[in-house]
Colleague: 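One structure follows; several queries about it will come next.
Chain letters run A, B, ... following the sequence lines, proteins first, then strands; residues in each count from 1. Reckoned from all heavy atoms, side chains included, excluding hydrogens, waters and symmetry mates.
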There are 4 protein chains.
Amino acid sequence: MTRPRFQYRPPNFDAPPLSGAPEARFVPAPADGVLPDGFFSTTNLPTYVKVGGAWRRPRLPRMDCVIVRAPQGDFVVAEPRKVSRGTPVAVASTEDGSEGVYVHAEGFLGGRRSANEFGFMQTEVSRERPVDYGVLAQLLGEEKQRRGRILWVVGPALVHARAREDMIWFIESGYVGVLLGGNAVGVHDLEAAMFGTTLGMSSTGEGVEGGHGLHMRALNAIRRAGSIAAAVRSGLVTGGIMHALVTHTVPFVLAGSIRDDGPLPEVITDTLAAQDAMRLHTTQATFAVFVATALHGIAVGNMLPAFVDAPAPDDVRPLTTICVDQTEFVVNKLRDRGTHQAYGVVTNAQDFMHVLRFYVERWEQAQTPASLPR
Amino acid sequence: MTRPRFQYRPPNFDAPPLSGAPEARFVPAPADGVLPDGFFSTTNLPTYVKVGGAWRRPRLPRMDCVIVRAPQGDFVVAEPRKVSRGTPVAVASTEDGSEGVYVHAEGFLGGRRSANEFGFMQTEVSRERPVDYGVLAQLLGEEKQRRGRILWVVGPALVHARAREDMIWFIESGYVGVLLGGNAVGVHDLEAAMFGTTLGMSSTGEGVEGGHGLHMRALNAIRRAGSIAAAVRSGLVTGGIMHALVTHTVPFVLAGSIRDDGPLPEVITDTLAAQDAMRLHTTQATFAVFVATALHGIAVGNMLPAFVDAPAPDDVRPLTTICVDQTEFVVNKLRDRGTHQAYGVVTNAQDFMHVLRFYVERWEQAQTPASLPR
Amino acid sequence: MTRPRFQYRPPNFDAPPLSGAPEARFVPAPADGVLPDGFFSTTNLPTYVKVGGAWRRPRLPRMDCVIVRAPQGDFVVAEPRKVSRGTPVAVASTEDGSEGVYVHAEGFLGGRRSANEFGFMQTEVSRERPVDYGVLAQLLGEEKQRRGRILWVVGPALVHARAREDMIWFIESGYVGVLLGGNAVGVHDLEAAMFGTTLGMSSTGEGVEGGHGLHMRALNAIRRAGSIAAAVRSGLVTGGIMHALVTHTVPFVLAGSIRDDGPLPEVITDTLAAQDAMRLHTTQATFAVFVATALHGIAVGNMLPAFVDAPAPDDVRPLTTICVDQTEFVVNKLRDRGTHQAYGVVTNAQDFMHVLRFYVERWEQAQTPASLPR
Amino acid sequence: MTRPRFQYRPPNFDAPPLSGAPEARFVPAPADGVLPDGFFSTTNLPTYVKVGGAWRRPRLPRMDCVIVRAPQGDFVVAEPRKVSRGTPVAVASTEDGSEGVYVHAEGFLGGRRSANEFGFMQTEVSRERPVDYGVLAQLLGEEKQRRGRILWVVGPALVHARAREDMIWFIESGYVGVLLGGNAVGVHDLEAAMFGTTLGMSSTGEGVEGGHGLHMRALNAIRRAGSIAAAVRSGLVTGGIMHALVTHTVPFVLAGSIRDDGPLPEVITDTLAAQDAMRLHTTQATFAVFVATALHGIAVGNMLPAFVDAPAPDDVRPLTTICVDQTEFVVNKLRDRGTHQAYGVVTNAQDFMHVLRFYVERWEQAQTPASLPR
């Protein structure tokens, strides 16, 4: 398969209708966390505001937010709750530039747009559609080569299923720039590290004696140690996903939910603080993999821009996302928030991780000679 | 259908082996939020600890917690994170009383246990199994008659689908003692109340112009008003689920999640504070209905005891739960946490609410003459 | 909701490019059931062949078939297996008329095509999208008023679930022109009629003593009677769906499958003979309802044209289809084969039937005064 | 994982209550394909009838059939439709031997039955439960070593997804004793062999020009050749699953359904004839793998005994079944018909085949030295 290459083409601001567009209008927020009437609600696509005769692209793009003029004079996409009283907020009811705000929906299809490409985008996610793991492996491998920041969002099913070893391999092999998940991912991984079970089931899916309370005992041991990192350093935890993250200094965010037992010490229990911690990473991500999580997947999907931002327009590129879940329903939810290069895989987390690793290993072997310096 | 009646029969503490059981052992917590080794991890079933020669049932039962001796001398089931240094915590590795802690798993089957009853419990949830709405309506109706506290846990699909009118009817008709949900339930209901859409779709499922940002505008309007309650009082919001809750003074808890936009002013963004607020209600609930929510449903399911607690053992009864979702997977997850009287319904939230209301209305009509005093 | 009205507009054959199109080419079939190279494979949309300078629309349209010139000189869409040696078969590799064959994909959008309408068509099926039962009821009601032929395709889940009474009501009320299903639909309905169970479960979902073999006993009783119709006439079967069909002389086809026990005497065990029997009805259908069946639903979906055929082009209209299943996956499969007016409903068969009946009854009540002759 | 070994222990016929059981009663069938009142409906478990003072196990066990005395005097399990007038049919309403018919449900749990084993059986199928592919590979490998007859039942999703290569590998490597499927499996495999597409999608999931009709062209080409086997021999088909079956002389049955286009020449269009052809293989099967097929899976599941029959009771053993589907719903349906050793895997067909092959290859490598003759 030759993958479609989407070169970003900035809009032609010198031709009508954009050449004649008015300046964007900014109105001060009437109160902390309250927006002016008619605020412009952002999308995850490249967006421009006309200010001082020039079209400028606000930093830190994401959807369902607003464009504010920061004190330093630059333009930033901000969550409404973070807007202070008096901050100038862009106001517009259209996206076509006629009010000075332009959303560039077509930017990645440029002059090469064709019915076939369009068809490619539209292809429906289905369990009956073949997945080309070779392409996924190549995309992931190339992203590592160009030193991109690969963001993983994972749910606890990845830990329950026998995908822990494969996740560890991806961490150790440099394919994980940051891992986002919840308390359960940590708890089940640490239960597995300490007791060999997850939710009281052995790795072969059988229940063990007293298994019901083992995740509570794992939680207690980590809380006693003070933190996951401390438990790793002290030798209490000697393997697993969290161990690999700590020992390879890969950052992670564990966001709290009302479903949590414990929680683990590193869990950020305030959901707004957790969103802030996650967004520090989503704004730097260049690639994203979502596995078996609706809650965290949708939360991150709402934050991710559809593209990798860059100072030079020519360096702007689609932010590839791979969305994996057992059902078309969740995969579509994630993919709908995605980029022009979003891949949906309807399968089991365990098998996905296993097959993807196999293909990435094979891709690496094929690369080695060519990549070697002479 | 004649429903099985489960009369609770307390254990026979005067006969072996319980008559010869030792006292329960309590060990002080070594630090705030840290448990002693060997702590007893609770279930949602009736549980007894032997103290001073007597078997006592700790208050506020729920699963995945611990039994502590409170300063006043009584026994309470507490979340590990709420245990202070020095608090005595029950320690046991068995549930059969041989260490002074007894979990009464069979209590609701008593002497009338039969293969048929067991079969009833085990019946697998399936989209192909008929649902007897007549029984569900009768259970709900009787619970209202005995002035029970009916707890509803609902997901946003209930609002997207055309089930708002039916939910309002249940609130107005006295079938809702408390409503637990998340920010999205409130946002979509308020968007519908203000703009006639949810997520930008009209009630017939069609997209409307500018619909994409309407939930942001609804959020902003409520934030400007200061609270949902204020928006109702000021006449900004004149209908819908939140309006019905406020005007009928039905309490509600909106728990925060990382997926939230806004959030609404009433949302409790800290997940531990939200758990505390929810548990104030789960400990008083006598009946529970879960509709179309995995996150909130599982969170509440973890908190709910399998039975309605009561001072007199004869008044202890199963806590009926009705679990509704589109997939067997989620219904089973919720039902597995349930009571001896858990009903699973695999269907769409819209249709469930509609048919249930129809049957409850019919049940009410059938009751009226009989219930009238002469 | 104001429903979109799709008026069919025939193509303009007098303008280029169609005005300059060549005659369609026909090549004789080389052997019985074998097609000439390059045969034109049909779709379910209005299709025209140019013959003798005129554009003619072949009769009995359906997809995945071929256009043949019948001995009488007219043009018919035929299954390849039914083409005899020597029969002239249309040959073309394009659908735009440039080889004399024209597929009129746009015919129902005519001059009123707009982005919004297109969006309406595209709206994705989802459990989270509201279903406007009022519109479905109106469509069904109007179809009965205009004496259309409403085709139902139902799976056994409709019988297991408590939807039998509602199905019977639709039959007795004149909303069923023909019913297509399989052996299981008949067996479970007759088991219910004779023993009050389906697959050994009572109508409340409980297993009954000896229930496992009851469907075998029902089968045997009918086989002994000679036919379902005979069993109804003899008084062996006094209620249920099959009873309603027989007593109201509504035709039905029970098509055989390898999963069948028995089978019932009326079941057509040869799948090609069953297809022929089904197609006799699909070619006359003016409306279709699919409930809870992937096998029969897809089989019928493959046969149904996207439109109601009529001699006068102005009478051609979309063939409304309603597709109901528990999963988006099956609903999409059915809907993809559908017409411009295909409604997907992701829900449980029991609840669908119940709510639809409720709305149809309400629609009827609203109609009565207006429809009454003065 | 140490797999549970289920040694079959025949019932103790010399002890009460079986020692005092009466003879089984046989009543002649009143007409062709019609059973006497009170006929005994079979299960898929080891079953005995007492005749002439001895307990005999009827041949060709399967569920939902009857036990007849064959003209030669032996006892056979037969489909009701195949019972001729006058044939003696076993009559009993109990399974405990009290009427001379005994179903040995406990036979595989013997004296070693324990709560834990029972728990193993009961473990619910779930996407969140780890699958031990090592055990599946070992079971499959051992079955090949002991020259068992491994029956595969596959759906078209296996062909759509990129699992063709893996299926071919299993055929070529001797792991397929017989393959059962439908017309679609053959058509899509042959379309792929001739055009490189399935349903007009390339192996990477993209649509190709004119793809819509390619399965019709593949069908026509095979029909012209006269048969799949002829198309392979003539060089028209040079690869794929059907090619591998023909060239390795692995028998296959393609059973017809009403959904079929074509059909392919080898397809058995009469469903009863197809059942007969399938049962010739199910009675000889010693292992079964079901992948991505509800229709064919359930049809075969209804036919398969829960055990591998053998003349000597000690050689009777559970018939291992592996059931793979994307949903718990279908996996449970298949598994419920299964044996004491039924494995459910909730995943995508493509990934399942890929991972299973990987593990079987690894198992083979580990076996080689040990298995080599010295």
Colleague: Taking all atoms of both residues into account, what is the closest heavy-atom pair of Val346(D) and Gln326(A), and its distance?
Modeller: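 Result for this residue pair: CG1-NE2, 3.2 Å.
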Colleague: Among Asn348(D), Val131(D), Leu356(D), Asp351(D), whose side chain to side chain contact (heavy atoms under 4.5 Å, CB included) with Asp351(A) holds?
Modeller: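 The passing option is Asp351(D).
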Colleague: Would you indicate whether the side-chain heavy atoms of Tyr133(D) and Gln350(A) approach each other to under 4.5 Å?
Modeller: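 Side-chain contact under 4.5 Å: yes.
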